[in-house]
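Remember, predicted model here, so these are calculated numbers, not experimental data. No hydrogens, no waters, no symmetry mates; every other heavy atom, side chains included, goes into these values.
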Amino acid sequence: MLKQISIVIPMYNEEENVTPLIHEVTEAVKEFDDYEIIVVDDCSTDKTLQILKEIQNHIPKLKILKHQRNSGQSSGVVTGVRH
């Protein structure tokens with residue numbers, strides 16, 4: 001039976017937390033046949049986006065979206081869900 005799931009994570013200036021979080025999420029969804037992790041960067045000013053791009057090289061199911069201006073957590077969730 002095919003199991004599908006989408007995880008949506010809004011982020012803003014999370015360079016210290018992004019790597020452990022993505023690895024924990026990946027571990028949590030490994031039982032699913034089909035999944036995606038959608039991270040919405042809310043215009044971070046630190047290295048969050050750069051780190052996400054590096055992680056994406058190893059985890060192709062990671063999708064990165066980026067806001068053009070800081071819009072807040074709720075907006076990040078909406079962007080991810082709409083995608």
Side-chain angles (χ1 to χ4, degrees):
M1 180 159 98
L2 182 65
K3 300 177 187 176
Q4 298 176 347
I5 189 168
S6 295
I7 308 294
V8 176
I9 306 169
M11 287 198 171
Y12 177 72
N13 289 349
E14 294 290 343
E15 69 181 26
E16 294 180 18
N17 301 313
V18 63
T19 300
L21 176 64
I22 297 302
H23 288 296
E24 286 179 29
V25 170
T26 302
E27 183 66 24
V29 297
K30 69 181 181 182
E31 69 184 56
F32 290 86
D33 297 326
D34 188 24
Y35 69 90
E36 63 183 349
I37 303 168
I38 302 170
V39 175
V40 181
D41 180 68
D42 196 27
C43 215
S44 293
T45 58
D46 65 359
K47 294 181 181 177
T48 298
L49 186 60
Q50 177 184 341
I51 295 168
L52 281 167
K53 288 178 181 179
E54 292 170 7
I55 294 170
Q56 190 178 42
N57 291 328
H58 305 286
I59 303 175
K61 293 186 180 215
L62 173 63
K63 307 211 181 336
I64 304 167
L65 306 176
K66 184 177 183 334
H67 282 163
Q68 296 302 312
R69 62 181 173 84
N70 185 270
S71 302
Q73 182 177 6
S74 297
S75 181
V77 171
V78 169
T79 297
V81 170
R82 284 184 177 161
H83 178 74

Please find the pair of heavy atoms, one from Thr48 and one from Glu15, that lie closest to each other, and give the distance. OG1-N, 3.1 Å

Considering all heavy atoms, the nearest His83-Lys63 contact: NE2-CD, 4.1 Å

So, Glu36 and Ser6: side-chain donor and acceptor under 3.5 Å apart, yes or no? yes

Is it the case that the side chains of Glu54 and Asn57 hold a donor-acceptor pair, with the cut-off being a distance below 3.5 Å and no angle test? no

Roughly how far apart are [X] [atom1] and [Y] [atom2], rounded to 0.5 Å?
X     : Y     : atom1 : atom2 : value
Asp46 : Glu16 : CG    : CD    : 8.5 Å
Ile5  : Phe32 : CD1   : CZ    : 4.0 Å
Leu52 : Ile59 : CG    : CD1   : 10.0 Å
Leu62 : His58 : CG    : NE2   : 11.5 Å

Please report the C-alpha distance between Val18 and Lys47 in whole Å, then the side-chain angles of each, then the deciding distance to 0.1 Å, and finally whether the side chain to side chain contact (heavy atoms under 4.5 Å, CB included) criterion is met. CA-CA 10 Å; Val18 63; Lys47 294 181 181 177; over 6 Å; no

Exam field: side chain Thr26 to backbone Ile22, donor-acceptor pair closer than 3.5 Å: yes

Check: Arg69 main-chain N/O paired with Ser71 side-chain donor or acceptor under 3.5 Å: yes

Using the rule that two of Ile, Leu, Val, Met, Phe, Trp, Tyr join whenever any of their side-chain heavy atoms come within less than 4.5 Å, decide whether [X] and [Y] are in one cluster.
X     : Y     : answer
Val77 : Tyr35 : no
Ile64 : Tyr12 : no
Val8  : Val78 : no

The test is side chain to side chain contact (heavy atoms under 4.5 Å, CB included); show your working for Cys43 and Lys66 and say whether it passes. CA-CA 7 Å; Cys43 215; Lys66 184 177 183 334; 3.9 Å; yes

Would you check, one step at a time, whether the test side chain to side chain contact (heavy atoms under 4.5 Å, CB included) holds for Ile7 with Ile38? CA-CA 6 Å; Ile7 308 294; Ile38 302 170; over 6 Å; no

Exactly one of Thr45, Asp41, Asp42 should register a side-chain hydrogen bond (donor to acceptor under 3.5 Å, both in side chains) with Asn13. Which one does? Thr45

Should Gln4 and Asp33 count as side-chain neighbours, where that means a heavy-atom distance under 4.5 Å? no

Can you check whether Leu49 reaches Ser44 side chain to side chain, under 4.5 Å on heavy atoms? no

If we check side chain to side chain contact (heavy atoms under 4.5 Å, CB included) with Met11, which of these qualifies: Leu21, Ile51, Val40? Leu21

